[in-house]
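Residue numbers begin at 1 in each chain, while the letters A, B, ... track the order of the sequences. Bear in mind that the values here come from a model prediction, so they are computed numbers and not experimental data.
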Number of protein chains: 2
Amino acid sequence: MTRRSRMPEHPTILDVARRAGVSKSTVSNVIRSSQGVTDEKRQAVALAIEELGYRPNAMARQLVQRRTKIIGAVVGDLANPFHAEMAKLVEQQSAARGYATMFSNTLGDNATEAAGIEVMLEHRVAGIIFLAFSARDRPLRASLNGRVPVVFIGCSEPWADSVVAADRRGARLATEHLLGLGHRRIAFLVNELVEKSGHRSRLAGYRDALARARVRPGPMLRWTEDGPQVAGNGRPTPIEEIVLGPERVTAVFSSNDLGAIRLLDSVERAGIPVPGKLSVVGYDGAAVTALSRIALTTVAQPKEDLVLAGTETLVARVAGLSGPPRRQVVDVTLLVRGSTAPPSRSNGGRRN
Amino acid sequence: MTRRSRMPEHPTILDVARRAGVSKSTVSNVIRSSQGVTDEKRQAVALAIEELGYRPNAMARQLVQRRTKIIGAVVGDLANPFHAEMAKLVEQQSAARGYATMFSNTLGDNATEAAGIEVMLEHRVAGIIFLAFSARDRPLRASLNGRVPVVFIGCSEPWADSVVAADRRGARLATEHLLGLGHRRIAFLVNELVEKSGHRSRLAGYRDALARARVRPGPMLRWTEDGPQVAGNGRPTPIEEIVLGPERVTAVFSSNDLGAIRLLDSVERAGIPVPGKLSVVGYDGAAVTALSRIALTTVAQPKEDLVLAGTETLVARVAGLSGPPRRQVVDVTLLVRGSTAPPSRSNGGRRN
DNA sequence: GTGAAAGCGCTAACAG
DNA sequence: CTGTTAGCGCTTTCAC
């Protein structure tokens with residue numbers, strides 16, 4: 001037992017070389033399955049690798065190659081089922097392309113997001129996929145732009161590639177569905193997890209539909225910790241007031257499913273039946289909306305398509321593809337379920 | 001414009017040194033905020049870093065230090081809300097301790113899991129947190145054991161640290177709740193996402209309660225793609241048959257919430273009311289179970305406690321703590337909600 | 001206090 | 001076809 005004979009925690013390429021009786025580079029050649037290596041030596045190396053439990057050190061390789069096989073994924077909130085489903089797909093697609101995935105959960109918080117991105121940049125990730133983006137600050141954008149390939153999925157920024165759903169059209173479909181049912185007082189609900197780019201489009205789609213039908217927009221609702229709040233109003237507004245008060249809202253279009261589900265919950269706890277007294281439409285198409293108990297009418301984003309296109313684009317950029325930012329749009333589907341119905345006679349259905 | 005003046009994509013410590021007019025090591029000292037550096041030089045370095053947009057290369061640092069600041073997290077299925085919530089907490093806790101998180105979604109699949117772990121090992125992650133574990137194969141376990149700190153959260157293996165909920169007690173509580181309500185035909189439902197260690201404990205707790213009450217165990221149900229299936233039976237059993245058939249099951253204890261929610265859904269689609277004709281209890285305490293529309297009675301695992309203890313333990317091991325595997329147990333809470341009620345007169349409540 | 005020098009484990013020319 | 005060599009960007013002794 002000489003000192004050297006102690007099995008190292010992580011054997012190196014040199015340990016393998018010694019054991020196999022070849023040189024470092026031959027081992028390297030075998031590992032990277034490069035062409036010219038005798039079968040004999042190849043086998044010897046393979047054996048040594050097996051016996052030693054050798055595993056190439058990705059850090060070392062990535063340092064010399066000056067590029068990693070890690071994709072950074074910035075996600076809004078894993079506790080939001082839709083986000084989790086998207087994150088799952090991103091991990092899956094990245095893994096399928098040989099990339100490890102480093103996640104950062106931002107909770108819509110700017111500082112958390114910045115810190116997460118910083119870590120990714122220090123790790124020299126090959127690229128970053130944004131499933132949500134809130135950065136207001138220039139510095140971050142500056143350090144991102146040009147330094148690392150970036151693609152936005154389900155959200156977008158003019159300076160990078162993006163794959164988005166046809167949000168404006170989706171919101172229009174949702175609103176028209178409500179309009180078609182006879183609703184005339186339709187509120188728009190948003191919360192902190194809806195990225196601003198998506199928000200704008202969805203709001204625009206909602207307004208499009210109303211304008212086309214010559215219906216006055218309903219109140220803008222924002223979900224806060226204490227419940228829904230009418231925009232421009234300092235305090236939370238009890239849901240009863242929104243539905244039964246002077247506004248007489250008969251339907252709500254929520255710009256994401258989570259908001260719609262929360263709303264459903266608080267509305268029914270307040271004794272207001274859905275869709276009896278209030279119709280609700282969501283946006284995203286989270287799996288949970290399909291449960292019979294929830295049965296939320298929603299606009300489904302094609303999750304697989306989004307992630308597939310996004311990953312593909314990112315990988316292409318990593319591989320060196322150049323050119324101006326590319327924006328891909330995928331279509332959405334309105335899924336009509338049990339949370340929407342014609343307004344009840346008592347508080348809706350009349351002209352405004 | 002000499003060749004050298006081109007701003008490199010990623011400036012190195014040497015670029016900073018040149019710009020600040022100091023040596024490499026001084027820059028390094030500043031970056032790591034080590035003691036002996038003149039304020040003057042420190043400022044000069046800070047300025048150069050700022051101007052260059054320098055960001056230390058984590059790969060290089062980790063290579064020389066021979067340890068990374070990356071924690072690997074193995075998760076079962078991000079589409080399972082409980083798993084996603086746990087994953088979120090892991091990322092949060094890791095980030096709070098200065099670690100980046102590398103995720104691997106296994107879908108309960110052995111090969112996927114093995115591949116994910118392999119990638120983590122090649123990246124020399126500081127430690128691995130298993131939120132789910134399915135590996136049957138020895139080789140994997142061997143390469144894990146001793147090479148990298150491992151902690152299991154919500155599942156366990158005798159050869160490594162673990163933090164688990166009091167699963168056996170939890171299952172007993174759930175079953176006793178059902179028993180207390182008057183149920184005598186209580187089925188046990190499991191699916192592919194319940195790790196085997198948790199499964200064993202939960203099944204034991206269920207049996208404990210029944211044995212203590214001298215009630216015969218109900219059928220073992222396994223959720224398959226086509227719906228619930230009675231164990232030992234080759235084909236899927238229609239839910240109607242389970243409830244209305246000879247077994248006359250009046251309640252089901254599902255060993256995870258996802259299974260319970262799926263069951264709820266298929267049962268009600270079949271026209272069998274819950275809890276009218278069938279009571280359902282879940283396990284995990286996923287946030288979605290609290291929605292009024294779902295209102296699933298469940299056994300809540302203390303998610304924060306689990307992850308906190310797990311992360312703490314892992315970090316301690318990374319820091320060099322030695323000693324035999326440590327098993328921590330945290331308590332659970334039965335949350336009684338609307339999915340359970342006394343059995344209806346027509347098909348339950350009698351002795352068996 | 002600061003700089004010079006020696007690697008961390010690997011890849012990628014480049015000779016033999 | 002195989003071995004030798006020169007780094008990748010950083011930390012870390014060790015002299016000055």
Side-chain angles (χ1 to χ4, degrees), chain A residues 4 7-46 48-49 52-70 119 121-126 147, chain B residues 4 7-46 48-49 52-70 119 121-126 147:
Chain A
R4 306 240 62 175
M7 164 101 94
E9 219 175 19
H10 290 289
T12 76
I13 202 173
L14 204 63
D15 295 312
V16 175
R18 275 198 285 261
R19 177 138 195 153
V22 299
S23 81
K24 259 175 63 169
S25 0
T26 301
V27 177
S28 178
N29 285 335
V30 171
I31 292 169
R32 298 168 324 182
S33 50
S34 85
Q35 288 295 319
V37 181
T38 321
D39 255 13
E40 189 189 8
K41 301 233 173 201
R42 187 185 301 283
Q43 303 236 335
V45 171
I49 287 178
L52 255 29
Y54 168 79
R55 217 178 308 271
N57 184 326
M59 299 290 143
R61 167 180 295 161
Q62 294 170 350
L63 179 60
V64 53
Q65 289 185 158
R66 284 123 132 282
R67 68 198 140 82
T68 65
K69 280 292 223 175
I70 305 177
V119 169
L121 257 19
E122 291 189 356
H123 280 88
R124 301 291 190 266
V125 294
R147 269 190 165 57
Chain B
R4 305 238 65 174
M7 163 101 95
E9 218 176 19
H10 291 286
T12 77
I13 202 174
L14 204 63
D15 295 313
V16 175
R18 274 198 286 262
R19 177 139 196 150
V22 300
S23 81
K24 259 174 64 168
S25 353
T26 302
V27 176
S28 178
N29 286 335
V30 171
I31 292 168
R32 296 167 323 170
S33 51
S34 86
Q35 289 294 320
V37 181
T38 321
D39 254 16
E40 188 189 8
K41 301 234 173 202
R42 187 185 299 284
Q43 303 236 334
V45 170
I49 286 179
L52 256 30
Y54 168 78
R55 216 180 308 270
N57 184 326
M59 299 289 141
R61 167 180 297 160
Q62 294 170 349
L63 178 60
V64 53
Q65 290 183 157
R66 284 124 128 261
R67 71 200 137 82
T68 66
K69 281 291 222 173
I70 305 178
V119 169
L121 257 20
E122 291 188 356
H123 280 88
R124 301 292 189 265
V125 293
R147 269 191 163 58

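Applying the side chain to side chain contact (heavy atoms under 4.5 Å, CB included) test to Arg19(B) and every residue at least two apart in sequence or in another chain returns Ala48(B), Glu51(B), Leu52(B). Legend: residues meeting side chain to side chain contact (heavy atoms under 4.5 Å, CB included) with Ser25(B), ordered by chain and number and at least two apart, are Ser23(B). Residues satisfying the side chain to side chain contact (heavy atoms under 4.5 Å, CB included) criterion with Val30(B), sequence neighbours excluded, are Val37(B), Arg42(B), Val45(B). Residues that satisfy the salt bridge (charged side-chain N to carboxylate O under 4.0 Å, His left out) test with Arg55(B), not counting sequence neighbours, are Glu118(A). Remark: Ile13(A) engages Lys24(A), Val27(A), Ser28(A), Ile31(A), Tyr54(A) in a side chain to side chain contact (heavy atoms under 4.5 Å, CB included) (not counting sequence neighbours).
Judged by distance alone, the side chain of Thr12(B) and the main-chain N or O of Leu14(B) form a donor-acceptor pair under 3.5 Å.
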At under 4.0 Å between heavy atoms, how does the protein contact nucleotides 9-16 of chain D? Give one character per nucleotide, 5' to 3', with B, S or -.
BBBB----
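Applying the side-chain hydrogen bond (donor to acceptor under 3.5 Å, both in side chains) test to residues at least two apart or on different chains, the pairs with a partner in residues 57-69 of chain B are His123(A)-Gln62(B).
Atom CZ of Arg147(B) and atom CZ of Arg124(B) lie 8.5 Å apart (nearest 0.5 Å).
In summary, contact between chain B and DNA chain C, defined as any nucleotide atom under 4.0 Å from a heavy atom of the protein, begins and ends at dG1(C) to dG9(C) in the 5' to 3' direction.
Bending across the helix from dG1(C)-dC16(D) to dG16(C)-dC1(D), expressed as the angle between its end axes from five pairs apiece, amounts to 40° (10° rounding).
Nearest heavy-atom pair across Ala20(B) and Ala44(B) is CB-O, 3.8 Å.
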